[in-house]
Participant: 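My questions will all concern the structure given below.
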Amino acid sequence: MIQLRDIDKYIDKRFQRTFILKGINLDIEEGEFVTIMGPSGAGKSTLLNILGFLDDASEGEYTFLGETVHNLSEKKKSEYHKSHIGFVFQAYHLIDELTVYENIEMPLLYRKVKSKQRKAMVADILDRFNIVAKKDLFPPQLSGGQQQVVGVARAIIGSPKLLLADEPTGNLHSEQSEQIMDMFKKLNDDGVTIIQVTHSEKMAAYGNRIINLKDGALVKEDPYNQAVES
Ligand code: ADP
Ligand code: ADP
């Protein structure tokens, strides 16, 4: 599903080049549940953003579903993003002025899904995630855990093949975190490929593979796919 070849990400400032990612080579198969770990500042968010088309690599080749991302037009990239990728953020990134229902519906509006179908899709996901009773509330009226359930609902309403999550449980208590990870596990069982960034070994254990990043480079995966102490 994903091939990264010699990916660099750097920032040029005056005469100084600062590398954020250097020489990243990575293959991720459809159906994997991958966790990216590593110290703060290692480049985890940057890598996730590149994978999710939210940022561009400076050098190297990113192939997603057989397409070289670099060669896609902005329009095609945006279409690809909308139809194949869902994103979950640590701070939820919901729109506080919109109801739960409207937040979840938003990606369908961008995709110009017809009203009747939108209603059916949102109703289905509210039911699946057990939040029908919250549909007319606004995000600030919900707990963090509930807001993240809405964040996940919004991310997957368009049935993406790939779900990316940047510290999805970073602001949550352990019970809420486990609820979100259980949702991820179910989605992965249903065939959604998941890549998450987390600092938590417990959350990483829900996945099937851990990738360690340090100073912008991948630390070699050990044969047991265990986290490397950092
Ligand atoms: P960002 O993704 O916004 O760059 P960081 O990964 O830099 O956030 O994390 C910010 C700070 O919070 C760091 O000091 C990091 O070690 C700490 N942190 C984040 N999540 C956790 C966690 N689950 N457990 C412990 N520390 C964490
Ligand atoms: P992590 O998620 O592992 O904490 P990040 O990907 O957020 O790491 O950031 C990696 C490093 O790159 C950090 O030192 C950060 O300050 C720097 N960085 C990220 N984005 C930019 C940017 N747009 N301009 C300058 N520095 C950046």
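Fair warning: this is a prediction, and the values are worked out from it, not measured in the lab. First listed ligand is number 1; within each ligand, the first listed atom is number 1.
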Participant: Using ring pair (Phe, Tyr, Trp, His ring centres under 6.0 Å) as the criterion, list what pairs up with F33, not counting sequence neighbours.
Facilitator: none

Participant: Count the heavy atoms of every other residue, nucleotide or ligand shown that sit under 6.0 Å from NZ of K135, and state whether that count exceeds 12.
Facilitator: no

Participant: For ligand 2, which atoms, with element, lie under 4.0 Å from some heavy atom of P39?
Facilitator: 3 (O)

Participant: For I11 and ligand 2, does the shortest N/O to N/O distance drop below 3.5 Å?
Facilitator: no

Participant: Is the ring pair F87/F89 parallel, tilted or perpendicular, if the boundaries are 30 and 60 degrees?
Facilitator: parallel

Participant: Which atoms of ligand 2 have any heavy atom of K44 under 4.0 Å away?
Facilitator: 1 (P), 2 (O), 3 (O), 4 (O), 6 (O), 8 (O)

Participant: Would you tell me which option among T18, T46, D215, D55 has the nearest heavy-atom contact to atom 6 (O) of ligand 2?
Facilitator: T46

Participant: By ring pair (Phe, Tyr, Trp, His ring centres under 6.0 Å), which residues pair with H81, not counting sequence neighbours?
Facilitator: none

Participant: Counting heavy atoms not belonging to D27, are there more than 12 under 6.0 Å from its CG?
Facilitator: yes

Participant: For atom 7 (O) of ligand 2, state which one of S45, G216, S40, G43 supplies the nearest heavy atom.
Facilitator: S45

